[in-house]
2 protein chains.
Amino acid sequence: MSKNITELLRGNGFKVTPQRLAVYEVLANTKEHPNAEMIFSSLQATYPTMSLATVYKTIDILHEIGLVQILNAGEDSFRYDADMSNHAHVRCVECGRVDDVFDLDAAKVTREIEAGTRYRLTGQQFYFYGVCPECQKQGKAH
Amino acid sequence: MSKNITELLRGNGFKVTPQRLAVYEVLANTKEHPNAEMIFSSLQATYPTMSLATVYKTIDILHEIGLVQILNAGEDSFRYDADMSNHAHVRCVECGRVDDVFDLDAAKVTREIEAGTRYRLTGQQFYFYGVCPECQKQGKAH
DNA sequence: TATTAAAGAATAACGATTTTCGAATACCCG
DNA sequence: CGGGTATTCGAAAATCGTTATTCTTTAATA
């Protein structure tokens with residue numbers, strides 16, 4: 001990336017706080033697309049006083065300055081991803097895990113849609129649902 | 001369709017009630033992908049005593065017997081669609097309307113993904129975001 | 001038409017997210 | 001490097017969509 005988180009925060013008029021760096025670190029170092037609760041829990045050890053509200057407010061800022069994307073995979077809560085590349089997601093309907101799907105040319109599909117509808121498209125989200133390899137092995141597959 | 005709503009309800013062990021028929025009628029006669037609140041409001045005139053809880057429970061049943069699909073277009077509430085065909089949706093980020101996108105071969109994309117990941121896919125949802133033709137005319141476009 | 005299990009309406013409960021507001025602190029300036 | 005100040009933090013309460021509970025009504029069958 002061109003700028004690091006500290007520069008981006010300061011450049012957008014936000015203060016650089018340990019909490020913000022910590023929340024971003026969690027997101028940047030996992031591939032598990034955690035929700036707010038999961039981020040909160042994983043920070044309990046190092047930041048015992050941090051509240052869920054702070055996690056939400058921080059995510060809001062990180063999203064605003066383009067450092068995290070918000071996933072709405074049809075669950076009861078949102079998930080967050082520090083990987084800003086345009087990629088789809090697949091959720092296992094058995095265990096709930098959410099994985100990345102990189103081999104999909106979304107731009108091509110988007111161009112087709114833009115030609116078909118008369119919308120001027122600004123973004124898209126593709127979600128796939130199925131059973132992950134692990135759960136298939138578990139024999140839970142019917 | 002092969003069976004009508006009355007047969008489907010009864011065949012699945014559900015009673016056929018005026019409320020259920022009414023909720024389905026609303027969904028079947030609109031292309032606006034209403035959420036629960038919108039369905040509730042549009043039934044106020046004819047069913048002044050119906051409660052929101054009934055709308056939710058009815059939608060739940062209609063979804064269970066395969067008569068409506070649930071849309072999660074990244075808003076704060078769910079939308080519902082009586083068109084069960086596999087089609088994508090596009091939401092206008094200006095006015096909030098949700099339109100259908102039929103010209104997209106989702107099955108083909110799904111097959112590609114299934115080959116790439118090792119998931120066994122059971123479904124997918126594609127959502128596009130942009131500015132609808134009306135809002136583009138409004139000059140709100142930047 | 002009577003029986004009865006299921007459904008409706010009203011209300012309370014629930015969980016994720018947002019807001020409020022006094023206390024704490026990052027950052028600019030000297 | 002320390003002070004002043006606007007911003008942020010954190011705890012609690014509020015909000016909002018949705019779900020559960022309770023009690024009353026009703027559809028379906030004989």
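- The phosphate of dG10(D) (OP1 or OP2) has a side-chain N or O of T49(A) nearer than 4.0 angstrom.
- Atom OH of Y80(B) sits about 8.5 Å away from atom CG of D60(B), to the nearest 0.5 Å.
- In the set dA16(C), dA12(D), dG8(C), the nucleotide with an atom closest to the side chain of Y56(A) is dA16(C).
- Near-neighbour residues of DNA chain C inside residues 73-83 of chain A, defined by a heavy atom below 4.0 Å, number-ordered: D76(A), S77(A), F78(A).
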Quiz item: Could you walk me through whether D100(B) and H33(B) pass the side chain to side chain donor-acceptor pair (under 3.5 Å) check?
Solution: CA-CA 9 Å; D100(B) 294 309; H33(B) 312 85; 2.8 Å; yes

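- When each of dG10(D), dT17(C), dG8(C) is scored by its nearest atom to the side-chain atoms of Q19(B), the top-ranked nucleotide is dG8(C).
- The R20(B) side chain lies nearest to dA7(C) when the options are dA28(D), dC28(C), dA7(C).
- There is a side-chain donor-acceptor pair under 3.5 Å between Q124(B) and T110(B).
- In the set dA6(C), dC28(C), dA10(C), dA6(C) carries the atom at the smallest distance from any side-chain atom of K15(B).
- The residues D81(B) and R79(B) are annotated as not salt-bridged, no charged nitrogen and carboxylate oxygen being separated by less than 4.0 angstrom.
- Nearest-nucleotide assignment on DNA chain D puts the 5′-proximal partner with N35(B), out of N35(B) and R10(B).
- Between T17(B) and A53(B), the residue anchored closer to the 5' end of DNA chain C is T17(B), taking for each the nucleotide with the nearest heavy atom.
- One N or O on the side chain of T122(B) and one on the backbone of Y129(A) form a donor-acceptor pair closer than 3.5 Å.
- With 3.5 Å as the limit, one finds no donor-acceptor pair spanning the side chains of Y127(A) and N72(A).
- Checked against dT17(C), dA28(D), dA7(C), the side chain of A36(A) finds its nearest nucleotide in dT17(C).
- Shown here is E114(A), whose CD atom has more than 12 heavy atoms of other residues, nucleotides or ligands within 6.0 Å.
- A donor-acceptor pair is defined here as one N or O able to donate and one able to accept, closer than 3.5 Å; such a pair exists between the side chain of Q136(B) and the backbone of V131(B).
- Fit an axis to the five pairs at each end of the helix from dT1(C)-dA30(D) to dG30(C)-dC1(D) and the two axes sit 40° apart, to the nearest 10 degrees.
- Distance alone, capped at 3.5 Å, places no donor-acceptor pair between the T54(A) side chain and the M50(A) backbone.
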